[in-house]
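Everything below concerns the one structure shown next.
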Amino acid sequence: MSEPLTTRLAIIGSGPAGYTAAIYAARAMLKPFLISGIQPGGQLTITTDVENYPGFADVIQGPWLMEQMRAQAFHVGTHFIEDTVVKADLSQRPFRLTLDNGGSVLAETVVIATGAQARWLDIDSEQKFRGFGVSACATCDAFFYRGKAVAVVGGGNTAVEEALYLTSFASKVTLIHRRDELRAERILQERLFAHPKIEVIWDNEVEEVLGDDNPLGVTGVTLKNLKTGAESELKIDGLFIAIGHAPASELFKGQLEMDASGYLKVSPGTAATAIKGVFAAGDVSDDVYRQAVTAAGMGCMAALEAARLLAEEDHEKAHNPISHVEAEKTGAW
């Protein structure tokens, strides 16, 4: 077995958070390693038009934006590892990351930027129109449905918030829920029921997404009533799936503190987890905003905090080498 690669900072994940962390870490002369993961570029690689990322007056493409971020990270000195982390041992420093190819990386600090994936309905027609009338992000795509009819699937806070947000753009919003009551907070429900643009369809689930080759793709959905079995068709121009997100945090279960949904917990106002030297950024620790620009900002925070920690430790080594040797012996470093 080959010797482990060693680095001052390893970044797990390659979306906006990971790439931004790499850019800032490289500029801090940390010579970071970025482990790309199973989907280099993250969720934006399956996003077409992007209009809300600052700095671009015209519509840009998600994959192109990720290519530019990667190129920038490479240009300033990031070392890329095109592989996936299959095991992470965060019990002591340096942290050991085991790769799918059998190799490993020893890192003094780690930034976790593994992201999150929207939960989908898992029907074939949904997959066919994903990005062409089917979306999991109203704040990303609502602009394209000005004056059109849309539907939202879900019954929790996210679904209700998405429906309310869409009313600023769409002519009509239909909330489709498979039960006869919502899980959302009461104040959100009151706003939803009071809004003249919103209609709720209870006890129904989407059986099929209908569409053609028009620019938006989707033309409607086939619904099935779960109590009666009756099928119906709803004509819409866009479908938003809001049944939750799944953070990619499985690797860190039992090692890092998470909330009930699996999002990594960080100290308020920072990217620091409870383990010294381990930071989290982007959608893996953010269940509120889930935007490319906020993920990038969190990646910046994580890299700057890692650089600051390493600089403090370097200073301690230089000025008190004996205590540092003792810390290494006890595993405190």
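Here the structure is a predicted model, which is why all the values come from computation and not from measurement. Quick note: numbers below take in every heavy atom, side chains included, and nothing from hydrogens, waters or symmetry partners.
In terms of heavy atoms, D287 sits closest to R290 at O-NH1, 3.0 Å. Looking at every heavy atom in both residues, I243 comes nearest to V153 through CG2-O, 3.8 Å. Annotation for I176 and A151: closest pair CD1-CB, 3.9 Å, computed over non-hydrogen atoms. Across all non-hydrogen atoms, the minimal contact from Y19 to P40 is OH-C, 4.4 Å.
With sequence neighbours left out, the side-chain contact (heavy atoms from CB on, under 4.5 Å) criterion links C300 to T20, Y24, L304. The side-chain contact (heavy atoms from CB on, under 4.5 Å) test applied to A136 returns A118, W120, not counting sequence neighbours. Applying the side-chain contact (heavy atoms from CB on, under 4.5 Å) rule to A25 yields the partners L9, L30, P32, A303; only residues at least two apart in sequence or on another chain are considered.
Other residues, nucleotides and ligands contribute at most 12 non-hydrogen atoms within 6.0 Å of the OH atom of Y289. Other residues, nucleotides and ligands place no more than 12 heavy atoms under 6.0 Å from the CZ atom of F74. Around atom CG of D124, no more than 12 heavy atoms belonging to other residues, nucleotides or ligands sit under 6.0 Å away. Within a 6.0 Å sphere centred on CD1 of I38, heavy atoms belonging to other residues, nucleotides or ligands number 12 at most. Heavy-atom contacts from other residues, nucleotides or ligands closer than 6.0 Å to NZ of K197 number more than 12.
In this structure a side-chain-to-backbone donor-acceptor pair under 3.5 Å is missing from S285 to K265. Without hydrogens or angle criteria, Q43 side chain to A116 main chain gives a donor-acceptor distance under 3.5 Å. In this structure, T222 contributes its side chain and E207 its backbone to no donor-acceptor pair below 3.5 Å. Remark: side-chain polar atoms of D283 are not paired, donor with acceptor, to backbone N or O of D286 under 3.5 angstrom. Not one N or O on the side chain of N204 forms a donor-acceptor pair closer than 3.5 Å with the backbone of R178.
The aromatic rings of F193 and W202 lie tilted to each other, with the angle between the two planes from 30° to 60°.
Placement of I123 and V218 within a single hydrophobic cluster is found when ILVMFWY residues are connected by side-chain heavy-atom separations under 4.5 Å, directly or transitively.
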Report task. Report the C-alpha separation of F240 and Y145 in whole Å, then their side-chain angles, then the decisive distance to 0.1 Å, and conclude whether the ring pair (Phe, Tyr, Trp, His ring centres under 6.0 Å) test is met. Result -> CA-CA 11 Å; F240 290 83; Y145 296 93; 5.5 Å; yes
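Residues T45 and Q39 have side chains that bring a donor and an acceptor to within less than 3.5 angstrom of each other.
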